[in-house]
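Because only heavy atoms are used, hydrogens play no part in the values below, and waters and symmetry mates are left out as well, while side chains stay in. Just so you know, these numbers come straight off a predicted model, no measurement behind them.
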Amino acid sequence: MSTNTHPKPPRSTWTTETIRAVDLAGKDTVLIDGIWREIFDTWKDGDDPAAMFGEDDPTTKALLEKIDWGSPCWVGVRYVSEERSDEDHVEDALHFFRLRDLVQVQKEIPADVPAPTPRQVNE
């Protein structure tokens, strides 16, 4: 038995939500190719990745090649690539979704919010 007399803070639970890719934002955790990925940032038509990475950066070129069509079709997601990262360096990778794609994201349900109850069907 623990001798710690400090009360534990309430524990949050998590669930998944399905949203459109156009609504993805930095710090979301999204399911990409069966693996949960933490998003660094998202890029859509009209965004300027060169301002962040520089004109000649491979990330800029890859993003502009897909999102800069003059038609808002794609969202680029830059995420943590855990399989290429190590304790000294975090590697990133890119993934592209069509804006209307449905994607799964993790969502925290804080402990102080009551859990949703299933809706009752009107008879």
Okay, side chain of Asp57, backbone of Gly54: is any donor-acceptor separation there less than 3.5 Å?
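Judged by distance alone, no pair lies under 3.5 Å.
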Can you check whether Glu55's main-chain N or O pairs, donor with acceptor, with Thr60's side chain at less than 3.5 Å?
no
Who are the salt bridge (charged side-chain N to carboxylate O under 4.0 Å, His left out) partners of Asp41, not counting sequence neighbours?
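Expected list: Arg78.
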Beyond-backbone contact of [X] with [Y], side-chain heavy atoms, under 4.5 angstrom:
{"X": "Trp43", "Y": "Leu64", "value": "no"}
{"X": "His89", "Y": "Glu91", "value": "yes"}
{"X": "Arg98", "Y": "Trp74", "value": "yes"}

Taking only distance into account, with no hydrogens and no angle test, what donor-acceptor pairs under 3.5 Å do side-chain atoms of residues 20-31 form with protein atoms, sequence neighbours excluded?
unit_1, atom_1, unit_2, atom_2, d
Asp28, OD2, Ala25, N, 2.9

So, using side chain to side chain contact (heavy atoms under 4.5 Å, CB included) as the criterion, who are the partners of Glu83 when residues are at least two apart?
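For Glu83, the residues satisfying side chain to side chain contact (heavy atoms under 4.5 Å, CB included) (neighbours in sequence not counted) are Arg37, Ser81.
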Which residues share a side chain to side chain contact (heavy atoms under 4.5 Å, CB included) with Asp33, sequence neighbours left out
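If we apply the side chain to side chain contact (heavy atoms under 4.5 Å, CB included) test to Asp33, skipping adjacent residues, the hits are His95.
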Is it the case that one hydrophobic cluster holds both Met52 and Leu94, taking links as side-chain heavy atoms less than 4.5 Å apart, direct or via other members?
yes
Do Ile32 and Val105 belong to the same hydrophobic cluster, where Ile, Leu, Val, Met, Phe, Trp and Tyr are linked whenever their side-chain heavy atoms lie under 4.5 Å apart, directly or via other members?
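Yes; Val105 is reachable from Ile32 via cluster members.
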Starting from Trp14 and following side-chain heavy-atom contacts under 4.5 Å between hydrophobic residues (I, L, V, M, F, W, Y), which residues can be reached?
none
Working for side chain to side chain contact (heavy atoms under 4.5 Å, CB included), residues Ile67 and Val75
CA-CA 7 Å; Ile67 66 171; Val75 58; over 6 Å; no
Where at least one partner belongs to residues 18-40, residue pairs that pass ring-ring contact (aromatic ring centres under 6.0 Å, His included), sequence neighbours excluded
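Listed by first then second residue: nothing to list.
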Using 0.5 Å steps for rounding, measure from the OG1 atom of Thr59 to the CG atom of Asp92.
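Nearest 0.5 Å value for the OG1-CG distance: 5.5 Å.
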Could you state the interatomic distance from OG1 (Thr42) to CZ (Phe96), rounded to the nearest 0.5 Å?
11.5 Å
Answer yes or no: does atom CD of Gln106 have more than 12 heavy-atom neighbours from other residues, nucleotides or ligands under 6.0 Å?
yes
